[in-house]
Amino acid sequence: MSTAALIVAIAGCLFILFIGARFLIAPRVATNGFGVAEDRRRAFTSIKGVRDITSGVVPLVVLLVAGPHVFGWALVAAAITPVGDAVIVVTNGGTVRQAIGVHASTAAVLVIAGLVLALA
C-alpha cells in the first residue's frame, strides 16, 4: 500500500511540475486550464498568496517531521522560488534593485541557512 501511495505522490509531484512549466511556457493555455481568465488580477494575486503560504508551511512540516538536516535541503530547494521571482521582476518592468534587494537576497538567505543546516 505504501509503495502505491509513493508512486501516486511522485506522479502528482511530476504533474504539478508540468503544470508550473505550462504557466511559464503557455500562459494562456494554463490559465484556461486553471479556470480563470488571464486578465483577472485578483485571481492571480490570490494564487500567489496561497502558494506563498504553502511555501512557508511545507518546509516547517519537513522540519517538524524530519529534523534540521532535511529541513536544510528543503530550504535550498525552496530557493528556486525567489530566484524565479527575481527573474520575473526584471523581465516584467521591475527594477534590478527590487529583484536583488527582495528576491535574490531571500534566495541567498535560504541557500546559506539551508546549507548550514543540511551539512551540519
Using only atom types and a distance under 3.5 Å, with no angle test, would you say the side chain of H69 pairs donor to acceptor with the backbone of A118? yes
Please tell me whether V116 and L119 are part of a single hydrophobic cluster in this structure, the criterion being side-chain heavy atoms less than 4.5 Å apart. no
Where A86 and A104 come nearest, the two heavy atoms and their spacing: CB-N, 4.2 Å
Over all atoms of both residues, closest heavy-atom pair of T106 and V102: OG1-O, 2.6 Å
V57-I80 co-clustered via ILVMFWY side chain contacts under 4.5 Å: no
Excluding sequence neighbours, so at least two apart, what forms side-chain contact (heavy atoms from CB on, under 4.5 Å) with I10? L6, L14
Close side-chain approach of F34 and I19, heavy atoms under 4.5 Å: no
Indicate the atoms forming the closest heavy-atom contact of V90 with A99, along with that distance. CG2-CB, 3.4 Å
Pairwise side chain to side chain donor-acceptor pair (under 3.5 Å) hits with a residue in residues 46-65, at least two apart: K48-D52
Looking at residues at least two apart in the chain, or sitting in another chain, which of them share a side-chain contact (heavy atoms from CB on, under 4.5 Å) with L75? P59, F71, L110, L117
Is it true that V58 and V65 fall in one hydrophobic cluster, defined by side-chain heavy atoms closer than 4.5 Å? no
Restricting to side-chain hydrogen bond (donor to acceptor under 3.5 Å, both in side chains), what partner residues turn up for S2, sequence neighbours left out? none
What pairs meet the side chain to side chain donor-acceptor pair (under 3.5 Å) rule with one or both residues in residues 20-38, with sequence neighbours excluded? R28-E38
For residues V50 and L60: do they belong to one hydrophobic cluster (side chain heavy atoms under 4.5 Å, members Ile, Leu, Val, Met, Phe, Trp, Tyr)? no
Test side-chain contact (heavy atoms from CB on, under 4.5 Å) on W73 and V62; report intermediate values, then the result. CA-CA 10 Å; W73 288 118; V62 170; over 6 Å; no
Same cluster (ILVMFWY, side-chain, under 4.5 Å), F23 and F15: yes
Give the minimum heavy-atom separation between A78 and P82, together with the two atoms involved. O-CD, 3.2 Å
Sequence neighbours excluded, the answer for side-chain contact (heavy atoms from CB on, under 4.5 Å) partners of A113 is none
